[in-house]
Amino acid sequence: MLRQASYGTIKIGTYQSLKRLFVDCPEDETLVLNAFCGVLSGVVSSCIANPTDVLKIRMQAQGNVMQGGMIVNFINIYQQEGTRGLWKGVSLTAQRAAIVVGVELPVYDITKKHLILSGLMGDTVYTHFLSSFTCGLAGALASNPVDVVRTRMMNQRSIRDASNSSYKGTLDCLLQTWKNEGFFALYKGFWPNWLRLGPWNIIFFITYEQLKKLNL
C-alpha cells in the first residue's frame with residue numbers, strides 16, 4: 001500500500017502537471033505529447049518510490065516468519081546496505097515504469113477524448129470504464145515483454161554455471177528469447193498480468209474521475 005500510494009500519487013500528479021506546462025486545454029493534447037509526459041512521469045515516480053519497492057520485495061521474500069515490521073525492515077536495509085541498498089534495481093524499475101506509464105496514461109486520455117468528441121458518449125462513468133479497460137489492455141501488452149526479460153535477467157544470476165543460458169544484456173535477452181522460443185514467448189504470463197492491470201486501472205480511473213468532481 002505504501003509503494004502504490006507513493007508511486008501512484010507522484011505518477012499521476014507529475015503527469016497532469018507536465019501536460020499543463022505544454023498545453024492549457026485538454027482538447028489540445030496530442031498522443032505524442034501525452035506519451036512523452038507519461039514516460040517522464042513514470043521514470044520520475046519510480047525512481048523516487050524505489051525504496052518502497054525494495055522494502056516490499058524484501059518483506060515478501062522473508063516467508064512465513066516476518067523479521068520485524070515495515071519500519072524495522074527499512075532501517076535494517078539502510079544500516080546494512082546504505083542508501084544504495086534502497087535504490088537497488090532502480091534502472092530496471094524505471095525502464096518498466098517508463099513503458100507502462102508511457103502507454104497506459106496516454107491511451108486512457110486519448111480514448112476518453114475521442115469518445116467524448118465523437119458524441120458517442122459523454123464524460124460519464126461509462127466512458128471512464130471503457131477508457132480504463134482499454135488502457136489496462138494496452139499496458140499489459142506493452143509491459144509483458146519487459147517483465148519477461150527482467151525476470152530472466154534476474155534469474156540468470158542464480159544459474160551462472162549454465163553458460164548457454166546467460167545473457168549479455170537486456171537487448172541480448174530479448175533477441176535470444178525471440179529467436180529461440182518465438183515471438184509469443186515474450187507474452188508468457190500475459191493473462192495473469194492483464195488480470196492484475198485491468199481491474200486496477202478500472203478501479204483507479206473511475207475513482208480518480210469521481211474525486212476530481214468533488215468541490216474541495
Out of Leu175, Leu174, Asn144, Asp172, which residue meets the side chain to side chain contact (heavy atoms under 4.5 Å, CB included) rule with Val149?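 Output: one option passes, namely Leu174.
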Just wondering, do [Y] and [X] contact through their side chains at under 4.5 Å, heavy atoms?
| X | Y | value |
| --- | --- | --- |
| Lys19 | Gln16 | yes |
| Thr14 | Ser45 | no |
| Asn201 | Glu104 | yes |
| Tyr15 | Asp109 | yes |
| Tyr108 | Thr134 | no |
| Asp28 | Asp24 | no |
| Tyr7 | Val101 | yes |
| Leu105 | Phe205 | yes |

Find the distance between [atom1] ([X]) and [atom2] ([Y]) and round it off to the nearest 0.5 Å.
| X | Y | atom1 | atom2 | answer |
| --- | --- | --- | --- | --- |
| Phe204 | Cys135 | CZ | SG | 9.5 Å |
| Ser143 | Leu197 | OG | CG | 5.0 Å |
| Ile77 | Arg58 | CD1 | CZ | 5.0 Å |
| Ser46 | Lys11 | OG | NZ | 10.5 Å |
| Asp53 | Gln4 | CG | CD | 10.0 Å |
| Glu29 | Ile110 | CD | CD1 | 7.0 Å |

For [X] and [Y], which heavy atoms make the closest approach, and how far apart are they?
| X | Y | result |
| --- | --- | --- |
| Ala49 | Ser6 | CB-OG, 3.7 Å |
| Thr177 | Ala185 | CG2-CB, 3.9 Å |
| Met59 | Gly69 | CE-C, 4.1 Å |
| Val54 | Leu86 | CG2-O, 3.5 Å |

Quick check: are there more than 12 heavy atoms from other residues, nucleotides or ligands sitting under 6.0 Å from [atom1] of [X]?
| X | atom1 | result |
| --- | --- | --- |
| Phe36 | CZ | no |
| Tyr78 | OH | no |
| Lys213 | NZ | yes |

So, the side chain of Trp87 versus the backbone of Cys47: is there a donor-acceptor pair under 3.5 Å, distance only? yes
With a 3.5 Å distance limit and no angle check, can you tell me whether Thr127 reaches the backbone of Lys112 through a side-chain donor-acceptor pair?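 The answer is no, because no donor-acceptor pair under 3.5 Å joins these two groups.
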Ring-plane angle category for Phe129 and Phe133, please: parallel below 30°, perpendicular beyond 60°, tilted otherwise.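 Aromatic pair Phe129/Phe133 classed parallel.
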side-chain contact (heavy atoms from CB on, under 4.5 Å) assessment of Arg96 paired with Asp147: CA-CA 8 Å; Arg96 183 186 185 279; Asp147 288 335; 2.6 Å; yes
[Y] reachable from [X] in the ILVMFWY side-chain graph, under 4.5 Å edges:
| X | Y | answer |
| --- | --- | --- |
| Val107 | Leu117 | no |
| Tyr126 | Ile202 | yes |
| Met1 | Ile10 | no |
| Val90 | Leu55 | yes |
| Trp194 | Val103 | no |

Would you check, one step at a time, whether the test side-chain contact (heavy atoms from CB on, under 4.5 Å) holds for Tyr187 with Leu141? CA-CA 8 Å; Tyr187 282 92; Leu141 288 170; 4.1 Å; yes
Asp123/His128 under side-chain contact (heavy atoms from CB on, under 4.5 Å): CA gap, chis, key distance, verdict: CA-CA 8 Å; Asp123 190 8; His128 305 154; 2.7 Å; yes
Apply the test side-chain contact (heavy atoms from CB on, under 4.5 Å) to residues Val146 and Gln95: give CA-CA distance (whole Å), side-chain angles for both, the deciding distance (0.1 Å), then the verdict. CA-CA 8 Å; Val146 182; Gln95 289 173 28; 5.5 Å; no
